There are 2 protein chains.
Amino acid sequence: MDKKIRLVDVAEAVGVSAVTVSRVLRKPELVSEAVRLRVTEAVARLGYVPDPAARALASARTDVLGILIPSVTNNVFSAVLRGIYDRVEGLPLNIQLGNTRYSVLEEERLLGVFTRQRPAGLIVTGVDQSARSKALLRQAACPVVQIMEIGDDPIDMMVGLSHRDAGRAATRHLRDRGYRRIGFLGARMDPRTQRRLEGYAEVMKDDGIFEERLIVTTRRASTVTLGCELLSELLSRAPDVDAVFCNNDDLAVGVLFECQRRRISVPEDFGICGFNDLEMMAVAHPSLTSVRTNRTEMGRRAIEMLIARVAGEPIDTPVVDLGFEIVARRSSLGPSRREAPFST
Amino acid sequence: MDKKIRLVDVAEAVGVSAVTVSRVLRKPELVSEAVRLRVTEAVARLGYVPDPAARALASARTDVLGILIPSVTNNVFSAVLRGIYDRVEGLPLNIQLGNTRYSVLEEERLLGVFTRQRPAGLIVTGVDQSARSKALLRQAACPVVQIMEIGDDPIDMMVGLSHRDAGRAATRHLRDRGYRRIGFLGARMDPRTQRRLEGYAEVMKDDGIFEERLIVTTRRASTVTLGCELLSELLSRAPDVDAVFCNNDDLAVGVLFECQRRRISVPEDFGICGFNDLEMMAVAHPSLTSVRTNRTEMGRRAIEMLIARVAGEPIDTPVVDLGFEIVARRSSLGPSRREAPFST
DNA sequence: CTTTTAGATGATAGCGCTGTCATTTGTCAA
DNA sequence: TTGACAAATGACAGCGCTATCATCTAAAAG
């Protein structure tokens, strides 16, 4: 067993002082080329890796990026994570993931732990942090990005979209396609889902076709199975419902399967619109309409904003609206149209 | 802005020494109740949170659990993560996630970073680490669990299943149900998928029905869309194929959608078996047969083994086989049986 | 009443690194 | 040749905590 190699060990091997080795690692331009090469060689030969704890303690900084998301299982967040990991690749940054489990208290606790680590940056989900969380974030000596949603009053920076607008757009889409008794299926009912519900309700009310019985929600997490169940519930409450706006795509797929089982024709007898536009929506049979959100891009942008801020660059737009797009597919073609303009 | 509260600040406020405060936090049973209460109160009042870097440096230990997985997007790993997070809940442990992106080199690099942090434990995916990675892990002064797979020669502990056996079982299942020209669809082709392919090939060869043309694989990541594409490829290569073993479930769902599109009757004209038994398999129409793996349990057990080892408890079985189960559903009922014993 | 011992607390010395100086060396103009 | 100044390197003092050993108190034992 070789003992742990320390900075001084490298310094000794090269015949320079520890500070010089430290500089080679952090600010190589301050060291002469001759020394730099010898040090670099020794570092490689001895397999020296700096101790992050010592480094953090001495410099009062870390290369840790703290990311707080409500769920590691949810497809939506894995897409964001992919964007984050993609963008961070090659940079001297380490991702530390915190799972808040949709709990404001857990978020507060994790934020306490995270901010103590003097992270290089923090990413948190949504805009509904507790007052204490927000205070912690404002005090944090690092840039902060709120992702997934946008709103007034950013803590620092934001990148996301307006879920209320997206809810409105999806509902209008179904209405414009000729559906009238449009249901709303919601799982988890986190703040973003609730805002989509608000958007839905606004449009329905504006059109004078709003009905409480068309809304079925649950606190349970979104799954395909839940989509089946919620549709069954909706159909028993409102047998005349002719379309449904699902939050999220899992539910939409479940709804499709349940329709297949019940021999309800989609889109002729029943329209379906999902949310997030997961990859599978395009290849379902019939293909499923959804609201595309740029989740991977969201993660990427969040990192870019953090990097820019760390580098001291001025941020021209601290609140970035990534928007959304209704991806109209067969499942919302409109009622009783038997001919099929779409091939899928 | 209140300056950062340090251990000494708390000590001063209470009128004891810093060591005492430290003890209250780590080994409260060594401190008298009176002092303990006063310290606890002051900690809460001042909002003191220990500096993890200082703690790590001084004690040469951390409360970090390093987890190395090949993908954050893959459903399979999110299930494992859920098990891990569930089990860790309430324990003084922090998860640090590393994304190896199915790259042995990236795994090596991350392992270098992670082991330097003196983690409380490490979890790595699979059994195919590079020689250097294995050396790093063996030298690491912490327990190590390899998850997802089992094999001889564990670095320390293992919890998983035999993917070769699972591949054999799935193939036998399709064969026993009466299918003969059984295809194999594989995405990503990581070591575990390859072992399942091995299992498939063994059974097919034993039965004298093995054919290269029935195997369609790709390095691309598994998606529903890819399932559609791979099935199309398979059908063009071998139009007479009558069933398919898909790795993973994403592919199976894609295959189902493609069958619906091509009006191929499942299971009468075509049998489907997936892998992992994702939640949606049960509610698809027709319901999809799959191989259930206990992924959440895997995460949970891995943590439990780490905890036990840290606590110095003897580990009776360092290699835990969590097994698998063929969940037979309608999609593999057998060819040309028109009556439907299953309701779904 | 002294000695022993456990229980409770404190003093001190780092952990491995970096920030902040101070010092040495080399270069160039006067 | 000399002084001025930049470039290169080093000395040293912590960062905030914990391990270790020392000290002190009070109760138990003799």
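Since this is a predicted model, take the numbers as computed values, not measurements. In what follows, chains are A, B, ... by sequence order, proteins preceding strands, each numbered from 1.
Ranked by how close their nearest DNA chain C nucleotide is to the 5' end, A:R23 and A:Y48 are led by A:Y48. Nearest-nucleotide assignment on DNA chain C puts the 5′-proximal partner with B:G15, out of A:A58 and B:G15.
Summarising the geometry, the separation between CD on A:E29 and C1' on D:dA7 is reported as 13 Å, rounded to the nearest angstrom. Look at CZ on B:R55: it is 20 Å from C1' on C:dC17, rounded to the nearest Å. As a whole-Å value, the separation of B:Q117 CD from C:dG16 P is 16 Å. We find that NZ of B:K27 is positioned 14 Å from P of C:dA8, with the value rounded to whole Å. Look at CZ on B:R26: it is 15 Å from C1' on C:dA8, rounded to the nearest Å. If you measure from atom CG of A:D9 to atom P of C:dC17, you get 8 Å, rounded to the nearest angstrom. Between the P atom of C:dG16 and the CZ atom of B:R61 lies a distance of 15 Å, rounded to the nearest Å.
Nearest nucleotide to the side chain of B:S32, out of D:dT9, C:dA8, C:dG19: C:dA8. Closest to the A:V19 side chain, of the nucleotides D:dT9, C:dC17, C:dG19, is C:dG19. Nearest nucleotide to the A:S17 side chain, out of D:dA11, D:dT18, C:dT18: D:dA11.
Counting heavy-atom neighbours within 6.0 Å of B:E89 CD, excluding the residue itself, gives a total above 12.
No donor-acceptor distance shorter than 3.5 angstrom exists from the side chain of B:R87 to the backbone of B:I303, with no hydrogens or angles considered.
Each end of the helix from C:dC1-D:dG30 to C:dA30-D:dT1 gets its own axis from five base pairs, and the two axes differ in direction by 40°, given to 10 degrees.
Salt-bridge annotation for A:R132 and A:E108: present, with a side-chain N of the basic residue lying under 4.0 Å from a carboxylate O of the acidic one.
Among the protein residues, A:R36 comes within range of no part of the nucleic acid, since none of its heavy atoms lies under 4.0 Å from any strand.
In this structure, CG in B:L65 is found 5.0 Å from CD1 in B:I95, a value given to the nearest 0.5 Å.
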